[in-house]
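Some notes on the structure that comes next.
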Amino acid sequence: MTPLVDLTGKRGLVIGIANEHSIAAGCAEAFARCGARLAATYLDEKAKDWVQPVVDQLGVEWTAPCDVRIPGELEALFGQVQERWGGLDFLLHSIAFAPKEDLHGRVVDSSAQGFSTAMDVSCHSFLRMAKLAEPLMATGGCLLCVTFYGSERVVEHYNLMGPVKAALESATRYVAAELGAKAIRAHAISPGPIATRAASGIDRFDELLDRAAAQVPAGKLVDVSDVGALAAFLVSDAAKRITGTIIPVDNGQHLFA
């Protein structure tokens, strides 16, 4: 019998691997274990040195640079998808950024430029990817992004990324509604706090980890493999009737105020 979560032959684009500890890396590993063909991106040549060992180990077919702040680079990436594969079955958006001076300050003190940058990289880029992926998903597909519960409630030191992630979650619902007629699904995965390179930019993130570990019923934090297992299910045909969701994978942390 065919396994329920079988990605054999499916083509997936993973955006956001920074190193082996990245959420995107955990998802890529799960996709690969389920048989998917993968492409992955790196931010720039400096970042490539950290990304290459990860993609080599996973058997990723090809890589390309992707800095969504550089005009034309995202479009060039999807041009490569068309040229190399002729189509796409799923995509993972796992990137976020805010200028340090805006991220570490109060939301009400954030600059217009800092807020705009954070929203563009962390949220609007997902909409741009959805638009570029749409013609490549002729028989349907799945678009995933990564959020955090700071979108729903005030999390100390999460600051500017709270409103930005709230916007990303809303965008996900609209993407699911607008592309659903083409059998293109969209989800936002909401992991509990994980010690990644990106998370290290949040002020006093170690305290956030400690609070989460003390709060969850099992007393254990999730890791990138937990996120990857959920991601693999969501992009598989087993989840073909599920779309537009914000799904926590946080060991129950979302249960508590």
Side-chain angles (χ1 to χ4, degrees), residues 7 10-85 88-100 103 117-118 120-123 125-126 128-130 132-133 136 142-148 161 168 189 191 193-202 205 222-232 234-235:
L7 303 181
K10 290 189 180 294
R11 301 152 299 181
L13 177 60
V14 178
I15 298 174
I17 297 176
N19 56 37
E20 70 272 21
H21 303 298
S22 300
I23 287 174
C27 292
E29 180 178 2
F31 297 148
R33 288 177 61 187
C34 293
R37 301 172 61 188
L38 297 177
T41 67
Y42 51 90
L43 181 64
D44 52 29
E45 286 301 316
K46 182 179 179 180
K48 186 177 181 180
D49 291 339
W50 294 94
V51 176
Q52 198 65 51
V54 180
V55 299
D56 287 346
Q57 184 178 5
L58 296 177
V60 170
E61 291 187 15
W62 57 275
T63 61
C66 181
D67 185 339
V68 298
R69 297 168 296 183
I70 298 177
E73 196 153 288
L74 191 59
E75 289 75 12
L77 170 64
F78 279 83
Q80 286 199 55
V81 174
Q82 174 64 53
E83 180 180 346
R84 291 172 179 267
W85 284 344
L88 187 67
D89 298 295
F90 65 87
L91 176 149
L92 172 70
H93 171 288
S94 185
I95 58 175
F97 173 78
K100 184 176 180 179
L103 180 61
T117 297
D120 181 53
V121 174
S122 311
C123 178
S125 63
F126 181 60
R128 292 172 61 198
M129 291 178 197
L132 291 166
L136 297 172
C142 187
L143 307 166
L144 299 180
C145 62
V146 179
T147 185
F148 186 63
M161 289 310 299
L168 178 62
I189 298 175
I194 299 174
T196 64
R197 180 179 178 184
S200 66
I202 298 171
F205 187 73
V222 298
D223 60 31
V224 296
S225 66
D226 298 313
V227 184
L230 174 60
L234 289 174
V235 304

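Counting begins at 1 with the first residue of the sequence.
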message: Within this structure, what is the OG1-NZ distance for the pair T63 and K48, rounded to the nearest 0.5 Å?
response: 5.0 Å
- prompt: Should S125 and I95 count as side-chain neighbours, where that means a heavy-atom distance under 4.5 Å?
  reply: yes
L234 side, atom CG; F90 side, atom CZ - distance, nearest 0.5 Å: 11.5 Å
field: Neighbour count above 12 (heavy atom, 6.0 Å) for E61 CD
entry: yes
message: Side chains of V14 and C27, heavy atoms from C-beta outward: is any pair under 4.5 Å?
response: no
- prompt: How about E75: does its CD atom have over 12 heavy atoms from other parts shown lying under 6.0 Å from it?
  reply: yes
task: Please test W85 against Q80 for side chain to side chain donor-acceptor pair (under 3.5 Å), starting from the C-alpha separation and ending with a verdict.
output: CA-CA 8 Å; W85 284 344; Q80 286 199 55; over 6 Å; no
query: What's the spacing between L91 CG and M129 CE if we round to 0.5 Å?
result: 6.5 Å
- prompt: Do you know the tightest heavy-atom contact between A30 and G228?
  reply: CB-O, 3.2 Å
query: Taking atom CD1 of I15 and atom SG of C145, what is their separation to the nearest 0.5 Å?
result: 12.0 Å
- request: Report the distance from atom CG of L43 to atom CH2 of W50, rounding to the nearest 0.5 Å.
  value: 14.5 Å
message: When you measure from the centre of the six-membered ring of F97, is the NZ or CZ of R69 closer than 6.0 Å and no more than 45° off the axis?
response: yes
message: With a 4.5 Å cut-off on side-chain heavy atoms, are F78 and L13 touching?
response: yes
field: Student check: side-chain heavy atoms of V235 and L144 closer than 4.5 Å
entry: yes
query: Can you tell me if CZ on R128 sees more than 12 non-hydrogen neighbours from other groups inside 6.0 Å?
result: yes
message: For a 4.5 angstrom cut-off between non-hydrogen side-chain atoms, does P65 reach Y42?
response: yes
- request: Report the distance from atom CG of D223 to atom CD1 of I23, rounding to the nearest 0.5 Å.
  value: 10.5 Å
